[in-house]
Amino acid sequence: MKKLRISVTMLMLFSSGLMCGCSQTAGKSPDVTDRIRTSLDQAGLKDVSLSDDLDKGVVTLGGHLSNDADKAQAETIAKSLAGAQVVADQIAVIPVGAEKEAKAMNSDLDEGIEKNLDAALIQNHLHEFVKYAVKSAVVTLTGEVNSQNKRARAESVASGVPNVAQVVNELQVKDQKASSSQ
């Protein structure tokens, strides 16, 4: 009788452990936005916006700050808490008193990166498969390629474009998450 109770207890523990394990979504990154938000707020960086794509493993920082030091601090905080997730730093630096000029310059810079990236992707025969977005000199690659080699080559091409600060590679190759050139 004692052996039966132990067996039943073991079976119940195993079953409950199995149920808990199955309830987790495989392949998703942990949600770290609350911890990052709290740390950014404590550092006085309340103007930084934050989004987290758990499926792709990317934490995106946005918004604007008045200087590069604050931007670097926000990125450092996010990277320290993001674990294995990629931190895309799309924070625009817009100095106080020069808002109009800074916004125009950032927009022109992003437009130039887009044109150069488009030409580079065409030249490397990747334009058909690779889509991209540029914001605050951060290039986000999306789309689907048929090999890890093409995924890596697209990231390398994008990294080689002048004025690109970071490349977030969300190109899909079966069972892979995003990566970053930083």
Side-chain angles (χ1 to χ4, degrees), residues 25-29 32-33 36 47-79 82-95 98-182:
T25 305
K28 281 194 173 185
S29 300
V32 295
T33 53
I36 294 173
D47 289 336
V48 175
S49 64
L50 181 65
S51 66
D52 192 359
D53 187 329
L54 300 177
D55 291 326
K56 294 178 182 172
V58 178
V59 174
T60 303
L61 302 176
H64 64 277
L65 294 169
S66 61
N67 60 65
D68 289 320
D70 287 347
K71 177 179 177 167
Q73 182 183 12
E75 183 175 354
T76 299
I77 289 168
K79 284 184 175 182
Q85 293 186 67
V86 171
V87 175
D89 185 355
Q90 297 180 348
I91 299 169
V93 175
I94 302 182
E99 291 88 352
K100 185 176 180 181
E101 295 84 1
K103 286 179 182 180
M105 185 182 76
N106 288 341
S107 177
D108 289 347
L109 182 62
D110 286 348
E111 190 176 312
I113 291 170
E114 286 176 356
K115 288 178 181 178
N116 287 328
L117 179 56
D118 197 48
L121 290 173
I122 290 169
Q123 183 178 16
N124 285 275
H125 309 289
L126 295 166
H127 188 261
E128 191 174 324
F129 311 103
V130 178
K131 308 300 177 226
Y132 57 87
V134 180
K135 185 170 182 182
S136 299
V138 175
V139 174
T140 302
L141 301 175
T142 57
E144 192 170 331
V145 291
N146 59 7
S147 72
Q148 178 61 35
N149 183 41
K150 282 187 180 177
R151 183 178 195 267
R153 194 172 69 180
E155 183 173 336
S156 176
V157 167
S159 294
V161 172
N163 300 311
V164 170
Q166 180 183 10
V167 176
V168 177
N169 192 343
E170 294 180 2
L171 285 168
Q172 295 299 303
V173 176
K174 191 173 183 175
D175 298 326
Q176 288 196 339
K177 288 191 174 186
S179 66
S180 173
S181 63
Q182 283 188 329

Q.
Could you check whether Glu99 pairs with Lys103 (Lys NZ or Arg NE/NH1/NH2 to Asp/Glu carboxylate O, under 4.0 Å)?
A. no
Q | Side-chain touch Ile94/Asn106, heavy atoms, less than 4.5 angstrom | A | yes
Q | Separation of Glu128 CD from Leu121 CG (nearest 0.5 Å) | A | 12.0 Å
**Q.** Heavy-atom closest contact (Val32 atom, Ala82 atom, distance)
**A.** CG2-CA, 4.2 Å
Q.
Can you give me the closest heavy-atom contact between Asn169 and Arg151, atom names plus distance?
A. O-NH2, 2.9 Å
Q) Can you name the side chain to side chain donor-acceptor pair (under 3.5 Å) partners of Asp70, sequence neighbours left out? A) Asn67
**Q.** Pairwise distance CG(Leu50) to CG(Leu61) - rounded to 0.5 angstrom
**A.** 6.0 Å
Q: Would you check if the side chain of Asp47 reaches a backbone N or O of Gly63 as a donor-acceptor pair within less than 3.5 Å?
A: no
Q: First locate atom CD1 of Ile91, then atom CD of Glu75, and finally report the distance between them rounded to the nearest 0.5 Å.
A: 7.5 Å
Q | Nearest-0.5 Å distance that lies between atom CD in Glu144 and atom CD in Glu170 | A | 13.5 Å
Q.
Could you measure the distance from the CD1 atom of Ile113 to the CG atom of Asp108? Nearest 0.5 Å is fine.
A. 11.0 Å
Q. Which pair of non-hydrogen atoms, one from Asn163 and one from Ala137, has the smallest distance, and what is that distance?
A. O-CB, 3.5 Å
Q. Do Leu117 and Val139 have side-chain heavy atoms sitting under 4.5 Å apart?
A. yes
**Q.** Exam field: side chain Ser156 to backbone Ala152, donor-acceptor pair closer than 3.5 Å
**A.** no
**Q.** Where Ala154 and Leu126 come nearest, the two heavy atoms and their spacing
**A.** CA-CD1, 3.7 Å
Q. Looking at CG of Leu54 and CD of Gln85, how far apart are the two atoms once the value is rounded to the nearest 0.5 Å?
A. 6.5 Å
Q. Within a strict 4.5 Å, meaning less than it, do heavy atoms of the Thr33 and Val59 side chains meet?
A. no
(Q) Any non-hydrogen side-chain atom of Val145 less than 4.5 Å from a side-chain atom of Arg153? (A) no
Q.
Quick one: does any side-chain atom of Gln166 pair with a main-chain N or O of Asp89 as donor and acceptor, under 3.5 Å?
A. yes
Q) Just by distance, with hydrogens left out, do Asp118 and His127 show a side-chain donor and acceptor under 3.5 Å apart? A) yes
Q. Side chains of Val167 and Leu141: does their closest heavy-atom pair fall under 4.5 Å?
A. yes
**Q.** Heavy-atom pair with the smallest gap, counting every atom of Leu65 and Ala74
**A.** CD1-CB, 4.5 Å
**Q.** Heavy-atom side-chain proximity of Val168 to Lys56 below 4.5 angstrom
**A.** no
Q) If you take all heavy atoms of Ile36 and Ala78, which pair is closest and at what distance? A) CD1-O, 3.9 Å
